[in-house]
Protein chains: 2
Amino acid sequence: MSDPSTKPNTHPASEAGAKLRIFQAAEALVSEQGFDAVSTRDIVAKAGVNIAAVNYHYGTKHRLLLEIFRVRATELNRERSQLLRVAMEERPGDARAILHALVEPATLWISDERRVALRFLNRARSEGPLEVRETIRTDVRHLRRFVDALALALPAMPREDLLWRFHFALGVLHYNQSADYERLSILSDGTCAPDDRVALLRRLVDFIAGGFGLPPAAAS
Amino acid sequence: MSDPSTKPNTHPASEAGAKLRIFQAAEALVSEQGFDAVSTRDIVAKAGVNIAAVNYHYGTKHRLLLEIFRVRATELNRERSQLLRVAMEERPGDARAILHALVEPATLWISDERRVALRFLNRARSEGPLEVRETIRTDVRHLRRFVDALALALPAMPREDLLWRFHFALGVLHYNQSADYERLSILSDGTCAPDDRVALLRRLVDFIAGGFGLPPAAAS
DNA sequence: CATCGCATGAAACAAGCGTTTGATACGGTA
DNA sequence: TACCGTATCAAACGCTTGTTTCATGCGATG
């Protein structure tokens, strides 16, 4: 049930697998238009399948969306955890490296085909089903790893200060994932654009590190 | 049309004014449940009026929501402009005071009955009608005043740097307005709560000022 | 070859949506 | 008193929603 591409399809009309195509069509449409704006008929039209296929393969539209969220959230958290582990091994005690591990995955995802998955996750955070929003709010296990790592790297900072700053850092991070760069582009008369992902990542980490009271980064 | 309380109502059943009660009911429901989750029938049920009243007083449900947004956005922008003006007069060249003027209104609104209006505006930003989201994205006039003020206070900072940091600052600000404090509460085992608005405001400004590379605030 | 399970198709379902209709009651004015 | 514009009401409109039904076609199995 977790991977829509496991079962090869035998029917001639579904060369790429109807279940997988429904998954991708729903993800793409939601990431573009939002959860409430996408209907079952929109999904099956994009996927090129009959309307009954959604309920046949996923039970309900609700469960389809939950499944998409589950798959993508797992992927993102796994990537973040891996980057954090690498940072802790290679540069232990470097708070800036920890913040980098927190910010990097989402910034990279925007640059490639995973942009769709990331935007789906962002939608889920604010407009997704109640069940999903509840999970996001209360399942903080993977975030706790980052807090603990930061506490190790910044032993002099009171834990309450550290948690609030971490909270603010998540705000910066999520706002940037929403890709609302048009306002910035207008404000800057077009000079500020998110095209250079490396530079954007550096600016992001710089800002958050500054918020944590860290000194400016050394030239890399 | 702008103030739903202007016309005194003559009908016995509408002692507080049907138009005003519709306005308030819609604002409250949307701020709690989101734009797409609230139906016309929900609104009239909460307002205690007939379902035809919405279309009679506001034309369409769409125009009702646009009107609420227009009224509340005007109020918020006016308050921010006024605080910025005071900051520029009393503490010219103080970047921290400018950031304070940017952050303070929303933080104060959360504390009183305007919390409903603020949450409505936040909803409008992400899930509101396309027309509203377009306005928010492209109407940057009141933001430009803050950018210009910051440029005056931080003459050494390249404009591109300043704009990016301002962009990030808006991220922190909006994230906090969304009032997603439950995750922080869980992460901190309940020790971090947004009850003390003065302290929260100080922490917010501290973090953003740090992101701008400003030195830590002097004790007030 | 007959049979079975899985996948798909067209059509319809009940429920909810925003909006409209036409009737009714009210207070102010001539 | 007769009238008129305003405001409210119950009821219905046409439409879209997510989901279901039942028939059909396919490939694999016996």
Practice problem: Could you tell me the separation between the CZ atom of F35(A) and the P atom of dG18(D), rounded to a whole number of Å? | Solution: 13 Å
Quiz item: Counting any heavy atom closer than 4.0 Å, what does V38(A) reach on the DNA or RNA strands: base, sugar-phosphate only, or nothing?
Solution: sugar-phosphate
Practice problem: Send over the distance from R63(B) CZ to dG18(C) P, rounded to a whole Å. | Solution: 15 Å
Practice problem: Using ring-ring contact (aromatic ring centres under 6.0 Å, His included) as the criterion, list what pairs up with F146(A), not counting sequence neighbours. | Solution: none
Practice problem: Specify the separation, in whole Å, of atom CG of L65(A) and atom C1' of dT17(D). | Solution: 14 Å
Exercise. Write down the distance between CG (N50(A)) and P (dT8(C)), rounded to a whole number of angstrom.
Key: 9 Å
Exercise. Using atom CG of D42(A) as one end and atom P of dC15(D) as the other, report the distance to the nearest whole Å.
Key: 18 Å
Quiz item: If you pin A52(A) and A37(A) to their nearest nucleotides in DNA chain D, which one's is more 5'?
Solution: A37(A)
Quiz item: Looking at the side chain of I51(B), which of dT20(C), dT6(D), dT8(C) is the nearest nucleotide?
Solution: dT20(C)
Quiz item: Do any side-chain nitrogens or oxygens of T60(B) fall under 4.0 Å of OP1 or OP2 in dG18(C)?
Solution: no
Exercise. Verify whether the ring centers belonging to F207(B) and F166(A) lie closer than 6.0 Å.
Key: no
Quiz item: Taking CZ from R41(A) and P from dA12(C), how many angstroms apart are they, rounded to a whole number?
Solution: 13 Å
Quiz item: In whole angstroms, how far is the P atom of dG9(C) from the CD1 atom of I22(A)?
Solution: 10 Å
Quiz prompt | CD (E131(A)) with more than 12 external heavy atoms under 6.0 Å | solution = no
Quiz item: When you check the side-chain N and O atoms of N122(B) and R125(B), is any donor under 3.5 Å from an acceptor?
Solution: yes
Quiz item: OP1, OP2 of dT19(D) versus side-chain N and O of N55(A): anything below 4.0 Å?
Solution: yes
Quiz item: Quick one: which of dC6(C), dG18(D), dC9(D) gets closest to the side chain of Y56(A)?
Solution: dC6(C)
Quiz item: Any side-chain N or O of S39(B) under 4.0 Å from OP1/OP2 of dC17(C)?
Solution: yes
Quiz item: Taking only side-chain nitrogens and oxygens of H57(B), does any of them come within less than 4.0 Å of OP1 or OP2 of dT6(D)?
Solution: no
Quiz item: Nearest-Å distance, CG (L64(B)) to C1' (dT19(C))?
Solution: 14 Å
Quiz prompt | Side-chain donor/acceptor of D206(A) to backbone N/O of R203(A), under 3.5 Å | solution = no
